[in-house]
Amino acid sequence: MADARILVVYYSRTGTTRKVAQSLAAALRCDSEEVVETGSRSGVFGYLRLVIEARRQVPSRIAAAARDPSLYDLVVIGTPVWAWSLSSPVRSYLLTNKPRLPSVAFFCTLGGAGSDQAFGQMQEVVGKRPVGCLSITARDVASEKYAPQLATFVETLQRTLAEHRSSRATNAA
Ligand SMILES: Cc1cc2nc3c(=O)[nH]c(=O)nc-3n(C[C@H](O)[C@H](O)[C@H](O)COP(=O)(O)O)c2cc1C
């Protein structure tokens, strides 16, 4: 694992997905990058716009990524679930960076329903199957009950990377 390059990319509007992303990056001892919107989300219209964007599956405006995902072996992408959908800022990130993405894994935080739909949309945009998926409820994040789920996810990612590395070594021999 020591030389595997992993990047955790996430968007978070109210801090829940950020908290999981930071725990994940600490457990994987890897880089992280927050997707930042350039438009305003304030007020009733800002809130309505995010629901509409998610439902219609349209991207929103985001700042250019600081890190090049093609320099990593695995990019782990996190989103809140909005209206049973992928959030529009993460949709933008995926659309913009799709050609530069290596292997991917997904995680989301949510109230309780819509993770399968959000993961399905992420896979569709990226055009590749994730090596792992993790969904955690906002309630479990708030009550700090997500450590076991996170540990299982981290193990899956580490095992997959180790398998990839050993099959690359076998092919190169
Ligand atoms: C506009 C909007 C739509 C949402 N839709 C859903 C939903 O369909 N299913 C669900 O389980 N949670 C839904 N939620 C709850 C969020 O997914 C949840 O609170 C998430 O953890 C927020 O992440 P964040 O704090 O990183 O922004 C919605 C929240 C917002 C603001």
Side-chain angles (χ1 to χ4, degrees), residues 6-67 69 72 74-98 101 104-126 130-154 156-157:
I6 308 174
L7 174 65
V8 173
V9 175
Y10 64 96
Y11 169 78
S12 183
R13 181 171 166 267
T14 52
T16 309
T17 314
R18 182 182 303 115
K19 193 169 172 182
V20 175
Q22 288 173 345
S23 301
L24 194 54
L28 291 164
R29 279 174 284 151
C30 72
D31 293 336
S32 66
E33 167 147 39
E34 182 163 3
V35 175
V36 178
E37 287 193 288
T38 53
S40 166
R41 286 289 185 206
S42 59
V44 176
F45 289 112
Y47 183 87
L48 279 178
R49 193 161 54 81
L50 65 87
V51 175
I52 291 165
E53 284 170 358
R55 290 291 297 172
R56 293 191 179 163
Q57 302 188 19
V58 296
S60 60
R61 278 184 301 170
I62 59 168
R67 296 182 187 274
Y72 294 84
L74 172 70
V75 176
V76 189
I77 302 144
T79 181
V81 172
W82 285 353
W84 292 60
S85 302
L86 158 66
S87 69
S88 47
V90 173
R91 179 177 293 279
S92 300
Y93 178 89
L94 296 179
L95 286 168
T96 308
N97 293 284
K98 178 179 165 170
L101 286 173
V104 293
F106 303 146
F107 68 98
C108 71
T109 70
L110 72 171
S115 57
D116 288 349
Q117 289 84 348
F119 291 148
Q121 291 169 6
M122 293 168 89
Q123 181 171 333
E124 193 179 318
V125 175
V126 169
V131 300
C133 286
L134 169 70
S135 70
I136 302 183
T137 64
R139 180 184 295 200
D140 280 352
V141 177
S143 58
E144 305 278 352
K145 282 191 188 149
Y146 62 99
Q149 282 174 276
L150 194 79
T152 304
F153 187 54
V154 165
T156 302
L157 300 183

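We use all heavy atoms of the structure for the numbers below, so side chains are in, but hydrogens, waters and symmetry mates are not. Indexing begins at 1, ligand by ligand and atom by atom, following the structure's order.
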Assign the ring pair Phe119 / Phe106 to parallel, tilted or perpendicular, where the plane angle (0 to 90°) is split at 30° and 60°. parallel

Where does Val141 meet ligand 1, judged by heavy-atom distances below 4.0 Å: at the side chain, the backbone, both, or neither? neither

Using a strict cut-off of 4.0 Å, indicate which atoms of ligand 1 neighbour a heavy atom of Thr16. 21 (O), 23 (O), 24 (P), 25 (O), 26 (O)

Backbone or side chain, does any N or O of Arg18 fall under 3.5 Å from an N or O of ligand 1? no

Any idea which protein heavy atom is nearest atom 30 (C) of ligand 1, and the distance to it? Trp82 CD1, 3.7 Å

With side-chain contact (heavy atoms from CB on, under 4.5 Å) as the criterion, how do Val154 and Leu28 come out once you've worked through the C-alpha distance, each side chain's angles and the decisive distance to 0.1 Å? CA-CA 7 Å; Val154 165; Leu28 291 164; 3.9 Å; yes

One thing to verify: whether Lys19 and Glu144 come together as a salt bridge, which I'm taking to mean a side-chain N less than 4.0 angstrom from a carboxylate O. yes

Could you tell me whether the side chains of Tyr146 and Ser23 share a donor-acceptor contact shorter than 3.5 Å? yes

among protein heavy atoms, the one nearest atom 28 (C) of ligand 1 is Val81 O, 3.3 Å

Do Tyr11 and ligand 1 have an N or O pair less than 3.5 Å apart? no

The protein heavy atom nearest to atom 11 (O) of ligand 1 is Gly112 N, 2.6 Å

Is the closest N or O pair between Pro80 and ligand 1 shorter than 3.5 Å? no

Can you figure out which of Gly114, Ala113, Ala138, Ala118 has its heavy atom closest to atom 10 (C) of ligand 1? Ala113

Should Val51 be counted as touching ligand 1, given the test is an N or O pair under 3.5 Å? no

Counting non-hydrogen protein atoms only, what is the nearest one to atom 15 (C) of ligand 1? Give residue, atom name and distance. Gly111 N, 3.8 Å

